[in-house]
Amino acid sequence: RPLPPQAPESARLLNARLMAQLNRTDEALAILQKIENPQQVGEIEQLRGTIAEHSGDWAAAKDAFTKAIDWAETNPEAATSKMGLQQGLT
């Protein structure tokens with residue numbers, strides 16, 4: 001069942017993760033496209049990168065993971081996730 005239009009963006013991000021886990025990646029990407037919270041950029045790009053990686057689109061995965069790392073570097077609260085992102089690029 002789709003989320004109501006007034007659902008918080010954190011719920012939308014969780015919904016996108018669930019869609020990705022169910023291999024409904026087109027739906028997950030469509031949900032991510034609509035999230036506009038700048039505080040979620042790192043998580044959004046990390047999920048985009050994971051989706052791209054699993055589909056074998058290495059260029060898109062690298063681009064998304066790089067964006068997530070860039071975001072993490074300017075947002076100290078995200079620093080703990082940076083190591084995993086860098087591992088994905090190597």
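In this chain, numbering begins with 1 at the start of the sequence shown. Source: prediction; values computed, not measured.
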Q: Report yes if the side chains of Q39 and N75 come closer than 4.5 Å at any heavy-atom pair, otherwise no.
A: yes
**Q.** side chain to side chain donor-acceptor pair (under 3.5 Å) contacts touching residues 25-36 (sequence neighbours left out)
**A.** R24-E27
Q) Any side-chain heavy-atom pair from W71 and E45 closer than 4.5 angstrom? A) no
Q) Hey, what do you get for CE (M19) to CZ (R12), rounding to the nearest 0.5 Å? A) 13.0 Å
Q. What heavy-atom pair brings L32 and A16 nearest, and what distance separates the two atoms?
A. CD2-CB, 3.7 Å
(Q) Minimum heavy-atom separation for A61 and A52, please, with both atom names. (A) N-CB, 3.5 Å
Q) Is any side-chain heavy atom of D57 less than 4.5 Å from a side-chain heavy atom of I51? A) no
Q. Rounded to the nearest 0.5 Å, what separation is found between the CD1 atom of I31 and the CD1 atom of I35?
A. 7.5 Å
Q. Where do Q46 and A68 come nearest, in terms of heavy atoms and distance?
A. N-CB, 4.0 Å
Q: Of all the heavy-atom pairs spanning E53 and W58, show the shortest one and how long it is.
A: CG-CZ3, 3.3 Å
Q) Are the side chains of V41 and K67 in touch, meaning some heavy atoms are under 4.5 Å apart? A) no
Q) So, E9 side chain and N37 main chain: donor-acceptor pair closer than 3.5 Å or not? A) yes
Q. Where do A20 and L47 come nearest, in terms of heavy atoms and distance?
A. CB-CD1, 4.1 Å
